[in-house]
Amino acid sequence: MQSLSNRKKVLEQKPMNFWERIYLPAIFKGLSITLKHFFKKIPTVKYPEEVRPYSKNFRGQHSLKRDEEGRERCTACGLCALSCPAEAITMTSAERAKGEEHLYREEKYASVYEINMLRCIFCGLCEEACPKEAIYLDGSHVTADYLRKDFIYGKDKLVEPRFDITKLAKD
Amino acid sequence: METAFLLEKLILVVVVFTITLVIAMYSTLAERKIAGFMQDRHGPDRAGAFGILQPLCDGSKFFFKEEIIPAGAHKGLFIMGPVIAIITACISSAVIPWGQTLTFGDTTISLQVAEVNIGVLYIFGVIALGVYGIMLGGWASNNKFSLMGAIRAASQSISYEIGLGLSLIALLMVTGTLSIGEIVAQQSGFVNWNIWSQPLGFIIFVTCAFAECNRVPFDLPECETELVGGYHTEYSSMKLGLYMFSEYINMFVSSALMAALYFGGYNFPFMHDLGLSANWITIIGVLVFFAKIFAFIFFFMWIRWTLPRFRYDQLMRLGWKKLIPLAIANIVLTGVIILIKDTFF
């Protein structure tokens with residue numbers, strides 16, 4: 001029958017010739033292929049000992065930043081929560097009390113700030129939306145856990161640790 | 001003199017035994033490593049540097065596993081199976097000449113446990129016994145898959161023993177002796193190696209040796225894709241370990257046989273031109289012999305990770321319709337060449 005697509009291939013089974021029938025040349029060909037692979041460079045990365053370099057704009061776990069005096073930058077404006085396409089961010093705002101000026105930069109701050117890491121898609125829109133440069137996705141991977149509730153990260157995990165800037169200057 | 005002789009042989013037996021077991025142990029690691037490299041990955045490398053402790057871990061794991069003897073199994077034969085397999089695997093190394101003689105003062109020590117003048121026949125007898133371990137184990141398991149594996153093992157090893165024997169007959173026609181020690185001694189230097197006079201016989205011998213060791217591409221007795229685990233489906237714990245161990249020991253011994261019969265054993269090129277003392281030549285000879293053995297073990301594994309398994313009818317056709325006629329043709333050819341040599345030169 002005429003092939004409509006012109007791509008029909010008729011498979012014909014020829015009887016094997018002498019060299020194919022004695023099978024040895026095919027074996028040696030196969031052996032040479034496996035030997036080539038024997039000396040090839042192994043692409044495996046031995047993970048815990050070797051870590052592949054991250055891209056410069058890799059987006060990992062969020063961190064809430066402090067300013068140069070160690071005060072939290074976040075003012076709980078809610079723009080990050082608004083911009084979040086996965087609706088992973090919630091927060092509760094509070095007013096700064098007297099005597100807390102060394103803790104919070106603005107008069108309003110986030111008393112509760114939670115990101116659900118199971119919802120988060122690490123798109124980075126929150127860091128683009130933030131007017132105070134308070135949130136960055138500059139951490140490493142979010143690690144595995146056993147319970148869903150443990151993936152809701154609060155301020156204890158998100159706010160970057162306070163460090164003494166005067167000590168940094170000495171080193 | 002008698003006690004000294006016995007002591008000497010005892011020490012030699014223990015040394016050979018230890019070396020055999022250690023090599024079999026590390027063959028398991030080498031197999032997995034080589035498999036890894038040929039598939040572009042590292043093999044096991046977590047236990048010790050480069051996984052050097054892996055065989056020890058595997059061995060101790062075998063000892064601590066639960067030992068299950070199926071309710072319907074014939075208990076005595078079920079236990080006998082792996083025992084026979086490992087014993088026959090171990091005793092076949094007795095007649096292999098590991099080196100020439102060492103001389104200390106006026107005592108000479110031969111590095112061959114038993115110089116039997118029918119060494120080749122002895123090896124054959126032991127190989128023929130070896131299949132009983134697999135057969136008994138498979139039959140005593142009272143499991144259809146095990147029985148299938150055992151039947152396959154029996155018919156395969158009988159079929160390929162014929163090819164093996166016929167390929168060796170041509171070799172014996174050339175060497176004129178059944179003693180492995182003498183066969184190796186005849187091949188001194190490089191040009192006297194039997195591989196040059198018996199290339200076809202060597203190919204037949206290698207193919208049959210693969211089949212006798214139940215190695216890929218002839219591992220039909222334990223063909224996982226069809227028979228679960230073949231003859232050792234029901235085996236667990238160290239009994240399974242013994243079966244696996246006997247397979248690796250068989251591989252080691254048949255590598256040693258190939259090296260001794262066809263590749264000059266402990267002989268190496270220019271061995272008499274170096275001007276070394278006899279003891280040094282013996283020591284280097286032993287090392288060379290082991291290098292050859294390791295090369296053959298590597299070849300066994302190389303083949304394993306290259307070729308797929310034969311179908312059963314292909315296996316039988318290869319054994320009966322290809323290898324045996326080829327081996328007979330080889331015998332005839334060898335006879336004609338010997339006749340021409342004797343009459344005209």
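What you are looking at is a predicted structure, and each value in this text was computed from that prediction instead of being measured. Below, chain A is the first sequence line, B the second, and so on; all start at residue 1.
- For the set Leu31(A), Thr44(A), Ile33(A), the count of heavy-atom pairs under 4.5 angstrom toward chain B peaks at Leu31(A).
- Under the side chain to side chain donor-acceptor pair (under 3.5 Å) test applied with Glu72(A), the options Arg66(A), Arg105(A), Lys155(A) reduce to a single match, Lys155(A).
- For the salt bridge (charged side-chain N to carboxylate O under 4.0 Å, His left out) with Asp219(B), the qualifying choice from Arg304(B), Arg152(B), Arg309(B) is Arg309(B), the only one to do so.
- For a residue to count as touching a neighbouring chain, one of its non-hydrogen atoms must lie under 4.5 Å from one of that chain's; by this rule Trp305(B) touches chain A with the backbone only.
- Of the atoms belonging to Phe39(A), not a single heavy atom falls under 4.5 Å from chain B.
- Note on residues 96-126 of chain A: pairs passing ring pair (Phe, Tyr, Trp, His ring centres under 6.0 Å), not counting sequence neighbours, are His62(A)-Phe122(A), Tyr104(A)-Tyr109(A).
- Residue Leu35(A) touches chain B through both its backbone and its side chain, counting heavy-atom pairs closer than 4.5 Å.
- With salt bridges taken as basic N to acidic carboxylate O contacts below 4.0 Å, one links Lys65(A) and Asp138(A).
- Contacts of Ile203(B) with chain A are made by side-chain atoms alone, with heavy-atom separations under 4.5 Å and no backbone atom involved.
- Within 6.0 Å of CD in Glu49(A) there are more than 12 heavy atoms belonging to other residues, nucleotides or ligands.
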